[in-house]
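Inspection log for the structure reproduced underneath, given as structure tokens.
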Amino acid sequence: MTEIPVEHGLLFAAALFCIGLVGVLVRRNLVFMLMSLELMLNATAFVFVLGGALHGNADGQVMFVMILTLAAAEVAVGLALVVHLYHRHRSLDADRLDVMKG
Amino acid sequence: MTGLFYFTMLIALLAALQVVRGLNAVHALLHLIVTLLALSLLFFLLGAPFAAALQVIVYAGAIMVLMVFVIMMLNQGDAAVEQERAWLDVASWRVPGLLCGLLLLELGYLLLAPADGGRVRAVDAAAVGRTLFGPYLLLVELASMLLLAALVGAWHLVRPLKNRREGTSDD
């Protein structure tokens with residue numbers, strides 16, 4: 001299909017993953033941290049699809065479907081936790097969650 | 001065609017940067033949707049139309065709608081933007097950003113060092129379906145159990161808020 005070197009695709013995925021990683025590390029708002037997690041998941045999904053396209057088999061897209069399922073489950077539980085914590089603490093600050101004490 | 005590929009990558013990366021450094025949650029979410037759509041176009045260019053369609057329908061459609069609803073429920077206004085501005089000062093950016101930049105440089109060096117590129121080949125939806133429900137059937141069952149667990153978990157986390165606050169024991 002498209003004539004691009006695989007290294008450039010991998011480099012793009014690495015850049016996207018690092019942007020998401022910076023977001024998770026730097027942001028204190030839980031909603032933004034969840035969005036950065038989505039970015040990281042998407043970078044890995046892109047690598048899977050790229051590998052599948054490189055070898056010409058469907059395994060990459062199968063793994064993409066699995067990552068999609070994982071992301072849906074993660075967002076459902078994560079957002080439920082966010083709503084719960086917001087109702088309890090009136091804040092989305094991740095640093096204030098040290099009151100949980102296990 | 002190749003230029004289109006790099007252009008889409010650039011759009012995805014710029015939108016991802018806007019997600020990470022955005023102050024307003026809704027604006028960041030819109031940028032995240034732009035990133036997802038750009039990735040969908042990349043999947044299409046890679047010869048994976050099934051993955052591209054799923055990316056638009058499930059990711060940019062369903063999952064992002066869930067996040068929109070939650071952001072609406074949390075009801076963050078201008079005060080939240082000010083708070084984000086206060087939280088996101090340079091001192092908190094500097095060290096993690098630098099370390100991740102170094103990590104990216106290292107990854108780029110490792111990826112660009114060996115030079116044996118390959119051609120990508122198109123994989124249609126029928127092949128994906130045959131593989132998904134052939135050798136990976138157990139994985140599909142596990143995924144359904146994961147989704148069920150997520151459903152039950154989310155329901156359990158959100159449900160008992162009202163009862164617990166009122167402290168009623170009889171109902």
Query raised in the report: Are Ile11(B) and Leu30(B) connected, step by step, through hydrophobic side chains (Ile, Leu, Val, Met, Phe, Trp, Tyr) whose heavy atoms are closer than 4.5 Å?
Result: no
Query raised in the report: Looking at Ala43(A), Gly78(A), Gly9(A), Ala15(A), which one has more heavy-atom pairs under 4.5 Å with chain B than the rest?
Result: Ala15(A)
Requested in this report: Just say parallel, tilted or perpendicular for the rings of Phe64(A) and Phe43(B), cut-offs at 30° and 60°.
Outcome: perpendicular
Query raised in the report: Measuring heavy-atom distances to chain B, does Tyr86(A) have an atom under 4.5 Å in its side chain, in its backbone, in both, or in neither?
Result: side chain
Query - Common cluster, Phe7(B)/Leu13(B), ILVMFWY with side-chain heavy-atom separation under 4.5 Å - result: no
Query raised in the report: Does the side chain of Asn57(A) come within less than 4.5 Å of Val123(B)'s, by heavy atoms?
Result: no
Query - Top of Gly129(B), Ala28(B), Ala62(B), Ala127(B) for chain A proximity - count of heavy-atom pairs under 4.5 angstrom - result: Ala28(B)
**Report entry** Nearest non-hydrogen partners of Gln61(A) and Ala48(B), listed with the distance
**Finding:** NE2-CB, 3.3 Å
Report summary line: Residue from Leu104(B), Val58(B), Leu17(B) scoring the most non-hydrogen pairs under 4.5 Å with chain A is Leu104(B)
Report summary line: Between Met66(A) and the options Leu142(B), Leu132(B), Leu146(B), the side chain to side chain contact (heavy atoms under 4.5 Å, CB included) test singles out Leu132(B)
**Report entry** Rounded distance (nearest 0.5 Å) linking atom CE of Met73(B) with atom CG of Leu79(A)
**Finding:** 9.5 Å
Query raised in the report: Is it true that atom CD of Glu82(B) has more than 12 heavy atoms of other residues, nucleotides or ligands lying nearer than 6.0 Å?
Result: yes
Query raised in the report: Can you check whether Tyr6(B) reaches Phe12(A) side chain to side chain, under 4.5 Å on heavy atoms?
Result: no
Query raised in the report: Checking heavy atoms, do the side chain of Ile71(B), its backbone, both or neither come under 4.5 Å from chain A?
Result: side chain
**Report entry** Most contacts with chain A, counted as non-hydrogen pairs under 4.5 angstrom, among Ser144(B), Ala149(B), Ala143(B), Gly153(B)
**Finding:** Ala143(B)
Requested in this report: Write down the atom of Ala12(B), the atom of Leu16(A), and the distance for their closest heavy-atom approach.
Outcome: O-CD1, 4.3 Å
Query - Choice from Leu21(A), Val82(A), Val22(A) maximising heavy atom contacts with chain B below 4.5 Å - result: Val22(A)
**Report entry** Side chain / backbone / both / neither for Val70(B) at chain A, heavy atoms under 4.5 Å
**Finding:** side chain
Query raised in the report: Where the side chain of Glu38(A) meets the backbone of Leu32(B), is there a donor-acceptor pair that is under 3.5 Å apart?
Result: no
Report summary line: Closest heavy-atom pair, Met67(B) versus Leu34(A), reported as atoms and distance to 0.1 Å, is CE-CB, 4.1 Å
Query raised in the report: With respect to chain A, which residue among Phe69(B), Tyr136(B), Phe50(B) yields the maximal number of heavy-atom pairs within a distance under 4.5 Å?
Result: Tyr136(B)
Query raised in the report: What's the shortest heavy-atom distance between Ala58(A) and Thr131(B), and which atoms?
Result: CB-OG1, 3.3 Å
Report task. Kindly give the heavy-atom pair with the smallest separation between Leu81(A) and Leu157(B), and that separation in Å. Result -> CG-CD1, 3.6 Å
Report summary line: Max heavy-atom pairs within cutoff under 4.5 Å with chain A, candidates Gln55(B), Arg21(B), Met9(B), goes to Met9(B)
**Report entry** Most contacts with chain B, counted as non-hydrogen pairs under 4.5 angstrom, among Val65(A), Leu25(A), Leu68(A)
**Finding:** Leu68(A)
Report task. Against chain B, label Phe32(A) side chain, backbone, both or neither, depending on which of its atoms sit under 4.5 Å from a heavy atom there. Result -> side chain
Report task. Pick out which of Thr35(B), Leu14(B), Val19(B), Val20(B) makes a side chain to side chain contact (heavy atoms under 4.5 Å, CB included) with Ile19(A). Result -> Val20(B)
Query raised in the report: Under a 4.5 Å side-chain heavy-atom rule over Ile, Leu, Val, Met, Phe, Trp and Tyr, are Leu10(B) and Leu46(B) clustered together?
Result: no
Query raised in the report: According to a 4.5 Å side-chain heavy-atom criterion applied to Ile, Leu, Val, Met, Phe, Trp and Tyr, with indirect links allowed, do Leu11(A) and Val6(A) form part of one hydrophobic cluster?
Result: yes
Requested in this report: Measure distances from Leu4(B) to the heavy atoms of chain A and classify the residue's part below 4.5 Å as side chain, backbone, both or neither.
Outcome: neither
Query raised in the report: Which pair of non-hydrogen atoms, one from Val49(A) and one from Ala51(B), has the smallest distance, and what is that distance?
Result: CG2-CB, 4.3 Å
Query - chain B interface, residue from Ser36(A), Gly20(A), Ala71(A) that has the most non-hydrogen pairs under 4.5 Å - result: Ala71(A)
Report task. Examine Leu50(A) and Leu54(A) and state if one hydrophobic cluster contains both, with Ile, Leu, Val, Met, Phe, Trp and Tyr joined whenever side-chain heavy atoms are less than 4.5 Å apart. Result -> yes
Query raised in the report: Can you tell if the side chain of Leu41(A) reaches within under 4.5 Å of the side chain of Tyr59(B), non-hydrogen atoms only?
Result: yes
Requested in this report: Heavy-atom pairs under 4.5 Å with chain A are the metric here; pick the option from Asp124(B), Leu148(B), Leu147(B) that has the most.
Outcome: Leu147(B)
